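As the structure is a prediction and not an experimental result, all values here were calculated from the model. Throughout, protein chains are lettered first and strands after them, A, B, ... in sequence-line order, and every chain is numbered starting at 1. These values consider heavy atoms only, across backbone and side chains, with no hydrogens, waters or symmetry-generated copies.
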4 protein chains.
Amino acid sequence: MPQVREAYREARRKQIIDAAYRCFAEKGFQKTTVRDICKAANLSVGAVYNYFRSKDDIIAASGEEDQRRIAEMISSAAAADPEDPLGNLVRVFLPLANEPEFVRDAVVTFDLCSQSSRDPEIAEGFRKTLDAALDHLVEPVKRQQKRGVLNAKLDPYSVAAVLVAVYQGFRYLRVFYPEIDADGFGSVCEAMVRGISATKGER
Amino acid sequence: MPQVREAYREARRKQIIDAAYRCFAEKGFQKTTVRDICKAANLSVGAVYNYFRSKDDIIAASGEEDQRRIAEMISSAAAADPEDPLGNLVRVFLPLANEPEFVRDAVVTFDLCSQSSRDPEIAEGFRKTLDAALDHLVEPVKRQQKRGVLNAKLDPYSVAAVLVAVYQGFRYLRVFYPEIDADGFGSVCEAMVRGISATKGER
Amino acid sequence: MPQVREAYREARRKQIIDAAYRCFAEKGFQKTTVRDICKAANLSVGAVYNYFRSKDDIIAASGEEDQRRIAEMISSAAAADPEDPLGNLVRVFLPLANEPEFVRDAVVTFDLCSQSSRDPEIAEGFRKTLDAALDHLVEPVKRQQKRGVLNAKLDPYSVAAVLVAVYQGFRYLRVFYPEIDADGFGSVCEAMVRGISATKGER
Amino acid sequence: MPQVREAYREARRKQIIDAAYRCFAEKGFQKTTVRDICKAANLSVGAVYNYFRSKDDIIAASGEEDQRRIAEMISSAAAADPEDPLGNLVRVFLPLANEPEFVRDAVVTFDLCSQSSRDPEIAEGFRKTLDAALDHLVEPVKRQQKRGVLNAKLDPYSVAAVLVAVYQGFRYLRVFYPEIDADGFGSVCEAMVRGISATKGER
DNA sequence: TATGAATGAGCTTTCATTCAT
DNA sequence: CATGAATGAAAGCTCATTCAT
C-alpha cells in the first residue's frame, strides 16, 4: 500500500517538474510564478505545495532533471560506438542543434548555472549529475588511451572536461546565433580530436 | 559646457553600471533590487532613474559592458603575440581562472545569456559585442592560415567559434569546479590546436 | 457550487466598491490609495487584487455604481407620481440636498466626469448609465406631451437633458454653497416647468 | 523699478498659469506633473518654484483664473443686451458648445469642483469668483423684475442660481454627449424662461 | 489530500520639492 | 533669479506561501 502511495507521489512530482521545466524554459526561473507552474501542471496551488516545500525546491528538482538528461545523452552516445566513442559524440550532439528544444533547454541550463552560484542546494544537485556526466566520458577516454588511439599523456579528466566545455560552449553560441554553421563547427571539432590522437612518437 | 555636462553624465552612468554589475554578480539580475544598486552606487533612487529609464535598461547596459570586456581581452590577447596568436589566447586566458572575479563574472555572463533569450534589447547589445569578439579572432585565424600555420581548409569563422566555445565552456565548468585542473585543461587545448594546424599534405 | 462561488465573489466586489466609494468621496480618486481602499474594506491588498485588475478598474466600477444610483432614483421618482412625474422629480430631489451624502456623492460624480474625459473605460460605463437615466425621463415627458400637459413642440430628449442639467448644476452649486436656498431654487424650477407646459394655443 | 519688477513677476506668473491650465485640461490636476508644467511654460523647475510655493498653489491660481473667465463671460453677456439680458445669455453661451475648448475647460471646472471639497484654499478662490458671477446675474434679474418683465415673486438669487446651474449642467452633459442637440436644449431653456416671466396676474 | 482565497512584504517607478552652482 | 541634479517618501502592483474548508 505505501508502495502504491509512493508511486502516486512520484508521478505527481514528475508531472509538476515537467510543467515547471516548460515554464522555466519559456520565462526563466524568476519570472515563472508558482501559479504559472500550477496552471501548466493542471493542479491547484495547494496541491503543488503538498509535493514541494517551496519554489526553490521545484527549481532544484528541475535542475537535477536537466542535468540528468544531459548525462544520460552523453553516456548513451559514448556507449553507442565503442570503436570511436568521442567521434560519435560529435555525430550525435551536433544534429541536436536543429531540434527546437535545443536553445530552449540551453537557456535553462545557463539559468541554472547562474542560480547555482547563489543557491547551494541547486549547486549540489547540479554538481552531482555533472560529475556523472564527466565520469561517463572519462571511461571511454581511458579505454581509447589504452587501445592506443588517444594520446596517453593527456589527463583523461581534462579531456572529458574539454569535451563537455566544447558542448556547452556550442550551446551558448547557439543561443545567440540560430544560423550558426553547425557542420563547420563539427569539422573543426573533428580536426581538433585528431590533435589529441596518439601519434607514432607518443604511442 | 555641454562637453563637461556630457562627461559628467557618462561618469555617473559608469558609476551606476559598475555598482550594478557587482550586485548582479552577487545576487543575480532578478534578485538584485534597484535599491541594492542605488546603495552600491551611493546614490538615491531618483538619481539612478535620472540616468537609466528602468532596471532593464541598467541590465542591458551591464550586459554590453560585460561583453565589451571579453571582446577587449580577446583582441588584446590575440594581438599580443603575432607569431602565435591562438596559442597566446590559451596562455592569457587560462591563468585568469584563478582570479577572484573569474567565477563572479562568468555567472553574470550566463545569467545574461538566459535573459537574452527573453529580452530582445539585451540580446541585441549582447550579440553586437559577441560579433566583435568573434571578428577579433577570425582575423588572426585567417592570417595564420595564409602563413601556412593553420589548416586552410577549415572555415575561419568556425575556428573562431570553437575557440570562444571552449572559453565559455571552461568558464561554465569552473563555476561548479573551483578545483578544476586548469593546466590539464590547457594541455588538452594546446594538443587540440595542433589538430587544426597545417600538416605537410594540407600546406 | 458555482452559484455560491459567484454570489460570494459578487458580495466581495460590492464590499470593495462600497469601501472605495467612501474613500473616493473623502479624498478623491487620485489621492485615494489602493491601501486606503483595502483598509476601508477590511481586506488585504492581495485580496482586493483578486477581484479587480487595477485601481482604474475599481474606479470604473465605482463610477458605474454612482451613475446607476442616480438613474435608479430618477426612474423611481418619475414613476412614483404618474399624474405629475416631472413636478415629482423636484419634490423628491430637492430635499436630498440636506442629506449628508449629497455633497459627498456630488463630488464623486464630478470627479468621475473629469476622469471620464481621459479614460475611455470610465467614460463608457458612465455614458451607459447616463443614457439609462435620460431614457427614464424621456418616457414620462412623452407621456405628458400626449396627455396635453406638456408642450408637444419641444423635443422630449432636450427636455430630459435640461432636467438632468438642472439637477447636476444644482449639485454643483451645492458643493460651494452649503447654505444655498433649496426652496427658492425649487420655486424657480417649478415656475420654469410651467414655461414648458402646454398653453391653450399649443394644446 | 519695483513697478517694473512686479510687472515682470506678474507676466511670469501668467505664463505659468496658462501653461498649467493647458496641462490640467489635458491630463487632470493629479496626473499633471510639475515638470509637465515647466516644459509647457518653457521654464526650469527651479524657476517655477520662484513664483509659486507649490503645485497646489498653481492649481489654486489656475482655478481662480478658470472661474474669473466664466464670471467675465457672464457679466459681459448680460450687459450686452439690456433689453433681454437673460435671453441673451442663452444666445451667447449655447454657441460656445461647439468651440473646441468647451469640453476641455468644462473638465477643468469639474476637476476643480471636486478638489475644492478637499482643499479649502482652492474652494476659497473658487467661491469668491463664483460669487462674482452670481452677482453679475442677480443685478439684471432684479432690473427685469422692476421693469415688470420677470416674475417679481421669485427670489432673484435663486433665479441666478438656476441659470448658473443650467449652464454648468449643460457643460456636464456636453462632456459625455459631444453630439448633444444644443439648439433643442436652447429652445427648452427659452421656453422655461417664459415660465419665470411675469404674467398679467403676477405683474 | 485538494482547493483557492487571503496575506503582506517587498518590488519598480514616479514626482514634489530642495539647493548648490 | 535661473538651473536641473538629487532626494526619498510613497504609489500601484506581484507573488510565494498559508490555511480554513
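- Taken to the nearest 0.5 Å, the CG atom of C:Asp111 stands 5.5 Å off from the CZ atom of D:Arg118.
- Of all nucleotides listed (F:dG12, E:dT12, E:dG8), E:dG8 comes nearest to the side chain of C:Ser44.
- Proximity of a side-chain donor or acceptor of B:Thr32 to a complementary backbone N or O of B:Cys23 within less than 3.5 Å is detected.
- Comparing C:Ser54 and B:Gly46 by the nucleotide of DNA chain F whose heavy atom lies nearest to each, the residue mapping closer to the 5' end is B:Gly46.
- For D:Tyr8, a side-chain nitrogen or oxygen approaches OP1 or OP2 of F:dA2 to under 4.0 Å.
- The side chain of C:Arg35 lies closest to F:dG12, out of E:dT1, F:dG12, F:dT17.
- The 5' end of DNA chain F is approached more closely, in terms of each residue's nearest nucleotide, by B:Arg12 than by the other of C:Asp56 and B:Arg12.
- Computed from coordinates, the A:Ile37 CD1 to F:dC15 P distance equals 12 Å when rounded to whole Å.
- Looking at heavy-atom distances under 4.0 Å, A:Phe52 makes no contact with the nucleic acid at all.
- For E:dA5, neither phosphate oxygen OP1 nor OP2 lies less than 4.0 angstrom from any side-chain nitrogen or oxygen of C:Tyr51.
- Distance CG (C:Leu43) to P (E:dT7): 6 Å, rounded to an integer number of Å.
- For the pair B:Asn50 and F:dG4, the criterion of a side-chain N or O lying under 4.0 Å from OP1 or OP2 is not met.
- Looking only at distances, a side-chain donor or acceptor of B:Arg13 sits under 3.5 Å from a matching main-chain atom of B:Tyr51.
- Across all strands shown, D:Val45 has heavy atoms under 4.0 Å from base atoms, whether or not it also approaches the sugar-phosphate.
- For C:Gln30 and E:dT14, the CD to P distance is 16 Å, given to the nearest whole Å.
- Per the geometry, OH belonging to C:Tyr49 stands 9 Å off C1' belonging to F:dA11, to the nearest Å.
- Between A:Asp57 atom CG and F:dT18 atom P there is a gap of 12 Å when expressed in whole angstrom units.
- Side chain C:Arg9 to base E:dG4: no donor-acceptor pair is found below 3.5 Å.
- Under a 3.5 Å cut-off, the side chain of A:Ser117 and the backbone N or O of A:Cys113 do not form any donor-acceptor pair.
- Here E:dT1 presents its P atom at 14 Å from CZ of A:Arg13, a figure rounded to the nearest Å.
- Remark: P of F:dC13 and CZ of C:Arg53 are 11 Å apart, rounded to the nearest angstrom.
- The cationic atom of B:Arg69 (NZ for Lys, CZ for Arg) lies less than 6.0 Å from the six-membered ring centre of B:Tyr21 and within 45° of the ring axis.
- For the pair B:Phe29 CZ and E:dC11 C1', the interatomic distance rounds to 18 Å; values are reported in whole Å.
- Across all strands shown, F:dA20 forms a Watson-Crick or G-U wobble pair with E:dT3, both key distances being under 3.5 Å.
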